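The structure appears below as structure tokens.
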Amino acid sequence: MKVGLLTGGGDCPGLNAVIRAVVQQLTNAGATCVGLLEGWRGLVQNLTCPLSIAQTDGIIGQGGSILGSSRTNPYRNPETDLASLRENFQRLELDGLVVIGGDDTLGVALRVSKDFGLPVVGIPKTIDNDLMVTDFSFGFDTAVNIVVEAVDRLRTTAESHRRIVVVETMGRHSGWLACFSGIAVGADYILVPEVPIDLPHLIAVLSRHRAAGKKYGIVIVAEGARFPDQGPLTLDDPPDPFGNPRLGGIGWVITEAIERQTGRETRCVVLGHLQRGGPPSAYDRILATRLGLAASRLVLQHRFGTLVTLIDGRIIEMPLSESVAAAKTLDLSYYDEAATFFS
Ligand code: F6P
């Protein structure tokens, strides 16, 4: 049996841990693994590399993806790209495909499995934790910890200078990353896309904390947070091949408003891609390994058109369906708990 592996979309810590687990289990069973480089581009352009246990030894703690990643969407130029994708799949004599990705990459996995019967098993990943198909995705825990470490550092300089620091996090249109890290750092205020920005309330809370003797402030704002009746802020770059705009900039808007309305020195820190880099946390290494082992078990059992996911603490199999592309917004019970500290 010959199995291809690809990682698509925004990278995240834990991808290499998955690759290692898949390669180990499939090799144990006598199968051969082939790496498809840079997401779906690898299959469209026949960019491959061999994958062996020796090559994947020691990568469990390495960030990024040894296969590279991209947001290539073969359905964008279906006549050329889909044709070469199918041709290369046959030329490589693949019997199965393990696809590790977020909503867009898994959406393509669903389509190629439905349209052409390609034997696919999916594994969800994203630092945003915004996938309906899983309770938590690997990459998320690491990203939360990166934000927490950054804010722990920002707190000391904010305190020395009696400043307010606004920290913009990633997360696309969901507030999981902002809310979880905001809770973990004890933020003075958290802004998430699911709750329209209430600027007067934010200013009132910061002023109250100041009056109570707090000399600095930490505000966490998700990149997708927005004012009532306003769409999310986007950067000037063109959207990616799946039509996703680049978000960013709301941190600066909030910073300027706070400084103007409170008269206090305020600084903005946009954490950006730092949140996706570096080694995965122990939790993400373990989750990614379990998912990789579960996915390769499905491959060996020829249970294609499926994905593996974490539900209620257990790794389970579910069919690849339209729900792979469904977005999961923040469970507001977490926000309500967080808001106890700034209500
Ligand atoms: O989906 C992961 C993510 O990091 C989002 O949080 C962010 O909006 C986006 O990807 C950034 O994408 P890019 O790496 O293409 O700039």
Side-chain angles (χ1 to χ4, degrees), residues 6-16 18 38-41 63-65 67-73 76 99-109 122-134 136-148 150 167-182 190-194 220-226 231-253 268-281 284 287-288 324-330:
L6 68 85
T7 53
D11 69 345
C12 78
L15 289 170
N16 287 325
V18 178
E38 299 165 22
W40 289 109
R41 186 185 296 146
S65 165
L67 301 178
S69 192
S70 75
R71 298 193 192 274
T72 304
N73 178 3
R76 203 150 179 238
V99 176
I100 309 154
D103 51 351
D104 296 328
T105 303
L106 293 178
V108 172
I123 305 181
K125 68 86 218 172
T126 167
I127 64 158
D128 302 335
N129 199 39
D130 63 346
L131 298 172
M132 197 59 111
V133 288
T134 186
F136 287 96
S137 47
F138 68 86
F140 174 66
D141 179 68
T142 308
V144 170
N145 280 294
I146 292 169
V147 178
V148 169
V167 179
E168 183 184 298
T169 69
M170 281 188 165
R172 237 192 246 293
H173 303 291
S174 84
W176 288 97
L177 186 51
C179 186
F180 270 50
S181 31
I190 305 170
L191 296 166
V192 293
E194 292 81 355
I220 306 286
V221 52
E223 63 180 359
R226 64 213 187 285
L233 284 186
T234 59
L235 302 178
D236 288 339
D237 315 43
D240 74 18
F242 289 91
N244 304 303
R246 269 193 70 201
L247 301 178
I250 187 67
W252 294 102
V253 175
C268 179
V269 175
V270 178
L271 292 177
H273 293 84
L274 277 176
Q275 294 158 98
R276 291 209 324 234
S281 65
D284 279 341
L287 175 57
V324 291
K328 181 182 67 176
T329 51
L330 174 66

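In what follows, every heavy atom counts, from backbone to side chain, and hydrogens, waters and symmetry copies are set aside. It should be emphasised that the depicted structure is a prediction, and the values quoted were computed from it without experimental measurement. Just follow the structure's listing: the first ligand is 1, and inside any ligand the first atom is 1.
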>> Against ligand 1, does G171 come closer than 4.0 Å with any heavy atom?
In response: yes

> Does even one non-hydrogen atom of Q275 get within less than 4.0 Å of ligand 1?
Replying inline: no

> Among all protein non-hydrogen atoms, which one is nearest to atom 8 (O) of ligand 1, and what is the separation to 0.1 Å?
Replying inline: E223 OE2, 2.6 Å

> What protein heavy atom is closest to atom 11 (C) of ligand 1, reported as residue, atom name and distance in Å?
Replying inline: R276 NH1, 3.6 Å

>> For a quick test of reading the model, state the closest non-hydrogen atom pair linking I127 to F140 and the distance between them.
In response: O-CD1, 3.2 Å

> Between G139 and C12, which heavy-atom pair has the shortest distance, and what is it?
Replying inline: CA-SG, 4.0 Å

>> Does the Lys NZ or Arg CZ of K328 fall within the cation-pi geometry relative to F136 - under 6.0 Å from the ring centre and within 45° of the axis?
In response: yes

> R226 and I250: side chain to side chain contact (heavy atoms under 4.5 Å, CB included), yes or no, with the steps?
Replying inline: CA-CA 8 Å; R226 64 213 187 285; I250 187 67; 5.9 Å; no

>> Walk me through whether T142 and D284 qualify under side chain to side chain donor-acceptor pair (under 3.5 Å).
In response: CA-CA 7 Å; T142 308; D284 279 341; 2.5 Å; yes

> Which of these, R71, R246, H273, has its nearest heavy atom closest to atom 9 (C) of ligand 1?
Replying inline: R71

>> Is the contact between D128 and ligand 1 made by the side chain, the backbone, both, or neither, using heavy atoms and a 4.0 Å cut-off?
In response: side chain

